[in-house]
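Bear in mind that the values here come from a model prediction, so they are computed numbers and not experimental data.
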Amino acid sequence: MTTYCGADCCGGCPRKADCGGCEAADGRPFGGRCIAAECARRGGAGELARAKQALIDEFNALGIPQLRVSDLNLLNGFYVNLEYPLPNGGTVKLLNDADIYWGNQIERPGNDRCYGIVGDERHLLVCEYGCNGSDPEILVYQKRGPRTP
């Protein structure tokens with residue numbers, strides 16, 4: 001399957017039938033936004049690589065212990081959009097289930113919890129969670145600086 005960004009997102013996606021693939025959805029799978037398709041359309045492979053590296057650099061600059069980001073993957077919002085508990089007893093989801101984000105899971109040595117990182121051109125999200133996304137906790141949720149891709 002051909003995609004705007006060159007990644008094989010559709011090959012392993014269990015919901016491909018829901019959107020039809022990158023080209024069929026005009027780079028807007030599931031009706032949402034895809035950060036990679038938008039970057040590639042704007043400036044090709046060079047822009048895509050620059051935007052991805054800028055996001056990696058911003059995550060690493062946060063200075064969070066044991067968080068060292070070396071790569072990002074394209075992730076469906078419905079897969080990474082966890083419900084975070086609020087102090088008032090409610091919960092909140094910070095992402096859009098229909099969007100595609102850059103993200104990764106970073107295992108923490110000597111700890112049974114992982115960091116989950118997700119970003120797009122507007123925001124950075126770093127959370128910590130247990131097995132299968134249990135007991136998620138927001139560590140950082142912030143707007144990106146003026147160097148946004």
Side-chain angles (χ1 to χ4, degrees), residues 1 3-16 18-19 22 27-30 32-149:
M1 164 119 343
T3 60
Y4 290 104
C5 69
D8 182 20
C9 302
C10 302
C13 181
R15 293 187 55 198
K16 180 181 168 193
D18 295 341
C19 81
C22 185
R28 298 181 58 79
F30 313 107
R33 301 175 63 240
C34 175
I35 190 168
E38 290 176 1
C39 283
R41 283 180 155 174
R42 200 169 42 244
E47 172 66 12
L48 184 63
R50 187 204 63 76
K52 182 178 177 180
Q53 187 60 53
L55 195 56
I56 288 170
D57 293 344
E58 287 181 53
F59 278 120
N60 287 327
L62 293 173
I64 297 173
Q66 298 178 326
L67 178 63
R68 178 71 185 130
V69 181
S70 59
D71 197 14
L72 296 170
N73 304 300
L74 291 170
L75 301 171
N76 294 322
F78 62 80
Y79 182 71
V80 295
N81 197 11
L82 303 177
E83 282 192 23
Y84 299 97
L86 297 173
N88 68 3
T91 60
V92 65
K93 285 186 165 192
L94 300 173
L95 306 174
N96 182 340
D97 284 349
D99 288 351
I100 306 297
Y101 298 89
W102 286 114
N104 210 337
Q105 175 175 288
I106 311 295
E107 302 215 3
R108 298 182 59 200
N111 198 315
D112 63 348
R113 294 177 63 78
C114 295
Y115 289 127
I117 60 170
V118 177
D120 62 13
E121 68 281 346
R122 294 180 300 231
H123 294 94
L124 296 176
L125 170 63
V126 179
C127 67
E128 181 182 270
Y129 50 81
C131 187
N132 295 318
S134 65
D135 303 316
E137 177 184 343
I138 300 167
L139 300 179
V140 174
Y141 182 63
Q142 69 183 37
K143 287 185 179 183
R144 292 186 66 193
R147 298 177 297 137
T148 58

Which atom names give the shortest non-hydrogen contact between [X] and [Y], and what distance separates them?
{"X": "Gly119", "Y": "Ile35", "value": "O-CD1, 4.2 Å"}
{"X": "Ile56", "Y": "Ser70", "value": "CD1-O, 3.9 Å"}
{"X": "Thr91", "Y": "Pro85", "value": "CG2-CA, 4.2 Å"}

Measure the [atom1]-[atom2] distance between [X] and [Y] for me, rounded to the nearest 0.5 Å.
{"X": "Arg50", "Y": "Arg42", "atom1": "CZ", "atom2": "CZ", "value": "7.5 Å"}
{"X": "Gln53", "Y": "Glu58", "atom1": "CD", "atom2": "CD", "value": "11.0 Å"}
{"X": "Leu72", "Y": "Asn104", "atom1": "CG", "atom2": "CG", "value": "6.5 Å"}
{"X": "Leu139", "Y": "Cys127", "atom1": "CG", "atom2": "SG", "value": "7.0 Å"}

So, using side chain to side chain donor-acceptor pair (under 3.5 Å) as the criterion, who are the partners of [X] when residues are at least two apart?
{"X": "Gln142", "answer": "none"}
{"X": "Glu137", "answer": "none"}
{"X": "Asp135", "answer": "none"}
{"X": "Asn60", "answer": "Arg68"}

**Message:** For Asn132, is the CG atom crowded, meaning more than 12 foreign heavy atoms sit under 6.0 Å from it?
**Reply:** no

**Request:** Could you tell me whether Glu121 and Arg33 make a salt bridge, using a distance below 4.0 angstrom between a side-chain N and a carboxylate O?
**Result:** yes

**Prompt:** Are Arg41 and Glu38 ion-paired here, with the side-chain N under 4.0 Å from a carboxylate O?
**Reply:** no

**Item:** Pairing residues for Asp71 by the salt bridge (charged side-chain N to carboxylate O under 4.0 Å, His left out) criterion, not counting sequence neighbours
**Value:** Lys52

**Complete:** salt bridge (Lys or Arg N to Asp or Glu O under 4.0 Å) pairs touching residues 75-86, sequence neighbours excluded, are none

**Asn111 side chain vs Arg113 backbone, donor-acceptor pair below 3.5 Å** = yes

**Asked** Applying ring-ring contact (aromatic ring centres under 6.0 Å, His included), which residue pairs with at least one partner in residues 40-73 are found, sequence neighbours left out?
**Response** none

**Request:** Name all pairs fulfilling the ring-ring contact (aromatic ring centres under 6.0 Å, His included) condition that reach into residues 68-117, sequence neighbours left out, sorted by first residue then second.
**Result:** Phe30-Phe78

**Close side-chain approach of Leu67 and Ile117, heavy atoms under 4.5 Å** = yes

**Message:** Do Arg122 and Arg144 make a side-chain contact, defined as non-hydrogen atoms from C-beta onward lying under 4.5 Å apart?
**Reply:** no

**Item:** Given Asn76, Asp99, Asp97, the one that forms side chain to side chain donor-acceptor pair (under 3.5 Å) with Asn81
**Value:** Asp97

